[in-house]
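Accompanying notes for the structure given below.
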Amino acid sequence: MISKLRGYEWASAEAFKRAKQERRSPIEIAQEIASELSSQDWVERAEVVNGYVNVKLSVEGYKRWLKERPGKKDKKVAIEYVSVNPNKPWHIGHLRNALIGQVLGNVYDYHGYDVVRLDYIDDLGLQVAQSYWHYLKYGLKEHPRMDWAVGLAYVEAAQLFEEYEKEIREILKEMEEKGIAREFVEKVLEHQLITAANYGIKHHMRVFESDIARLFDRTIALLKEKGFIVYQEEGELKGTWTTKDGKVVIRSDGTATYLGKDIVFQLWKMGWVKGIRFVKRKDPTGEVWYSWKEGEEKEINADIVVNVIGMEQSLPQSQIAKLVKEIYPEKEYIHVAYQRVRLKDKAFSGRKGTWVGYSADELLEEGIKRIKSKELALAAIKFFILKYNPSKEVIFDWNKALSTEGDSGIYIMYSYVRARSVWRKSGMGGEPELREIDDVDRELGKWLVAAKEYWEKALSYHDPSALADYALELASAFNSYYSKVRILGNENKLFFTYWTMKRLEETLNLLGIDVVEEM
RNA sequence: GGGCCCGUAGCUCAGCCUGGAUAGAGCGGCGGCCUUCUAAGCCGAAGGUCGUGGGUUCAAAUCCCACCGGGCCCGCCA
């Protein structure tokens, strides 16, 4: 019945629609809606302005709406993010993936879903093979961080690839058959995870391709048997097994393609195949379940699979989605496609080494240098990356990334700290009692009750930038409020200040940003 | 050739899904505001053919079609 909520304003497009259907004046209908609303106890007054129904919430309305929380959902979400090749340090692009994934996990969590955070470790990829080959041949580069040492070596290895392809493929085969590189990979991973820990990126499980590989034969047999993949009898693809739209899953030599391997992993998440074992380990981010050849068998049985993967992989992702839809029509398979972070004139490339100078850790270091606080530097960086809609390319700029004014994480934090400081000085223990509301309160109040709308948007669009938008709107409304009214000594004003503090803290937490007490 | 994403103020973006009140922010530039709850802040003025052209509609930045510009993808590679 009511369309756009902006706290105390409902734009009543509804009136226009009904006016057309019922052949009546929209103003008349808007007036009907207004008087209907006026009788509700959460409404103080509703009136028609320019054909819109403006609603002023009552004291009762504010009290009730501000406390509203989503209920528990009976759905399990498996969200995969980061999944960086274990042969280089994280650069700012990987960080974008990590932050989007972390925040979407938080958002699902907030909305009552059962969330499992997954990290996929491709320890059998060609990139790792190149790095491992280089390591065997030339030893390790001098660097305190293994991810850096290997990342720098990889740039050289990539240049030598054509010349030594045969040798490298031999190594890859040995990796697959004997697992010779697992230890090397885990060492790199451990150091990559120092970055994850710095940024507060968490997972429940890390799944290695070498462990998923144990499920290949069984899964593929099942896919064949049930007719989800088809055998090509003739033509260019003769002897291969493909998806129904002709993408090769099993090569004519019987090995799995990248797509084939990914399908196995995705189906495992949904419980179509089972049998991966895990051991609990302590890594730089905390306690995490690592897949391993022995240990406790675990399954997820996800109802919703969310994968944070670059936009350039849209095509294979849509093919997997199609296959999953056939097997599980009731489940959701979501590809959160994000655009790259790049420099004005070039992209970050692991192979070309253009990430040097733009690693996630260097960004944090520079942030701490400029802002003089790790917490605030993290707030600035995270906010900068998350405020862009994932479908937009981010052109990296040091000054913007580490900005302390305007549309920035520091601005939000400052507003929070300001509200908190006033609150502390008031000496109020709990929630202040609201008795009356004036127009200045409503300017702020409308943003307080609008949180739900923005957070739901973040959920349904898989878009953390909705949270950043909300935080900015609320912070800005509060700063304006602060400059207009004297809060201390006025319990009604303290009510709005209290809720601003709460909302900003909640929003920052959803964004994966820890609040500070003062600044 | 086919497909996906982006195009809104000098610059960086929000709004588009679900059409409706004078298209909103930040940065930069201009002018104000600290003896009063944190000035990392606030207020004011300036700045817009919402890529272009059609269409649908009482109404289009928003929906549909075509085109233009930028990025990406389309291998039995990974």
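Worth knowing before you read on, the calculation uses all heavy atoms, side chains too, and leaves out hydrogens, waters and symmetry mates. Predicted, not measured: the structure shown is a model, and the values here were computed from it. Letters go in sequence order (proteins before strands), and every chain restarts at 1.
Whole-Å rounding puts the A:Leu472 CG to B:U12 C1' distance at 13 Å. Atom CG in A:Leu386 sits about 15 Å away from atom P in B:C13, given to the nearest Å. Atoms CZ (A:Phe384) and C1' (B:G26) sit 13 Å apart, rounded to a whole Å. Separating the CD atom of A:Glu393 from the C1' atom of B:C13 is a distance of 14 Å, rounded to the nearest angstrom. The OH-P distance, from A:Tyr454 to B:A25, rounds to 13 Å in whole Å. Separating the CG atom of A:Asp345 from the C1' atom of B:G70 is a distance of 15 Å, rounded to the nearest angstrom. Separating the CG atom of A:Asp397 from the C1' atom of B:G28 is a distance of 13 Å, rounded to the nearest angstrom. The CZ atom of A:Phe383 sits 15 Å away from the P atom of B:C13 (whole-angstrom rounding).
A salt bridge links A:Asp438 with A:Lys493: the distance from a Lys NZ or Arg NE/NH1/NH2 to an Asp or Glu carboxylate oxygen falls below 4.0 Å. Between A:Asp514 and A:Lys382 no salt bridge is recorded (no basic side-chain N to carboxylate O distance below 4.0 Å). By the 4.0 Å N-to-carboxylate-O rule, A:Arg435 lies close enough to A:Glu491 to be salt-bridged with it.
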Dot-bracket for RNA chain B, 5' to 3', with Watson-Crick and G-U pairs under 3.5 Å, [ ] for crossing pairs and | for other-strand pairs: what is it? (((((((..((((......[...))))..((((.......))))......(((((..]....))))))))))))....
Nucleotide by nucleotide, 5' to 3', does protein get under 4.0 Å of the base (B), only the sugar-phosphate (S), or neither (-) in nucleotides 37-45 of chain B, counting heavy atoms? BBSBSSS--
If a protein heavy atom is under 4.0 Å from the base, mark B; if only from the sugar-phosphate, S; if neither, -; do that for nucleotides 72-78 of chain B going 5' to 3'. SSS-BSB
Dump the intermediate steps for side chain to side chain contact (heavy atoms under 4.5 Å, CB included) on A:Leu467 and A:Tyr454, then the final yes or no. CA-CA 6 Å; A:Leu467 300 171; A:Tyr454 282 79; 5.9 Å; no
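Straight-line distance between the P atoms of B:C73 and B:C42: roughly 42 Å, to the nearest whole Å. Rounded to a whole angstrom, the distance from the P atom of B:A66 to that of B:C72 is 24 Å. Atom C1' of B:A46 sits at a distance of 13 Å from the matching atom of B:G10, rounded to the whole Å. Atom C1' of B:C67 sits at a distance of 29 Å from the matching atom of B:C58, rounded to the whole Å. The separation of B:A23 from B:G47, taken at their C1' atoms, amounts to 14 Å, rounded to a whole angstrom. With both ends at atom P, the span from B:A9 to B:C13 equals 11 Å, rounded to whole Å. Taking atom C1' on both nucleotides, B:G28 is separated from B:C64 by 39 Å, rounded to a whole Å. Separation of the C1' atoms belonging to B:C63 and B:U18 is 11 Å when rounded to the nearest angstrom.
Not a single donor-acceptor pair under 3.5 Å links the side chain of A:Thr255 to the backbone N or O of A:Arg251. Remark: the backbone N or O of A:Glu405 is not paired with any side-chain donor or acceptor of A:Tyr414 at under 3.5 angstrom.
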Throw together a table of side-chain donor-acceptor distances under 3.5 angstrom for residues 84-91 of chain A, partners on residues two or more places apart or in other chains.
from: A:Asn85; atom 1: ND2; to: A:Gln127; atom 2: OE1; distance (Å): 3.3
from: A:Asn87; atom 1: ND2; to: A:Gln127; atom 2: O; distance (Å): 3.4
from: A:Asn87; atom 1: ND2; to: A:Ser131; atom 2: OG; distance (Å): 3.0
from: A:Lys88; atom 1: NZ; to: A:Gln127; atom 2: OE1; distance (Å): 2.7
from: A:His91; atom 1: ND1; to: A:Gly93; atom 2: N; distance (Å): 2.9

Show which side-chain atoms of residues 304-313 of chain A pair as donor or acceptor with protein atoms under 3.5 Å away, not counting sequence neighbours.
from: A:Asn307; atom 1: OD1; to: A:Lys269; atom 2: NZ; distance (Å): 2.7
from: A:Asn307; atom 1: ND2; to: A:Gln266; atom 2: OE1; distance (Å): 3.2
from: A:Asn307; atom 1: ND2; to: A:Tyr333; atom 2: OH; distance (Å): 2.9

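Mapping A:Lys457 and A:Glu473 onto RNA chain B by nearest heavy atom places A:Lys457 closer to the 5' end of the strand.
Using a 4.0 Å heavy-atom distance criterion, A:Asn389 is classed as a sugar-phosphate-only contact.
Within 6.0 Å of the CZ atom in A:Phe396, the count of heavy atoms belonging to other residues, nucleotides or ligands exceeds 12.
Side-chain polar atoms of A:Tyr81 and A:Asp119 form no donor-acceptor pair below 3.5 angstrom. A side-chain donor from one of A:Tyr120 and A:Glu209 sits under 3.5 Å from a side-chain acceptor of the other.
Cation-pi geometry between A:Arg96 and A:Tyr338 is not satisfied (NZ or CZ under 6.0 Å from the ring centre, within 45° of the ring normal).
Taking the O4'-C1'-N9-C4 or O4'-C1'-N1-C2 dihedral as appropriate, B:C34 has a value within 90° of 0 and is therefore syn.
The ring-ring contact (aromatic ring centres under 6.0 Å, His included) analysis of residues 417-442 of chain A, with sequence neighbours excluded, yields the pairs A:Trp423-A:Tyr498.
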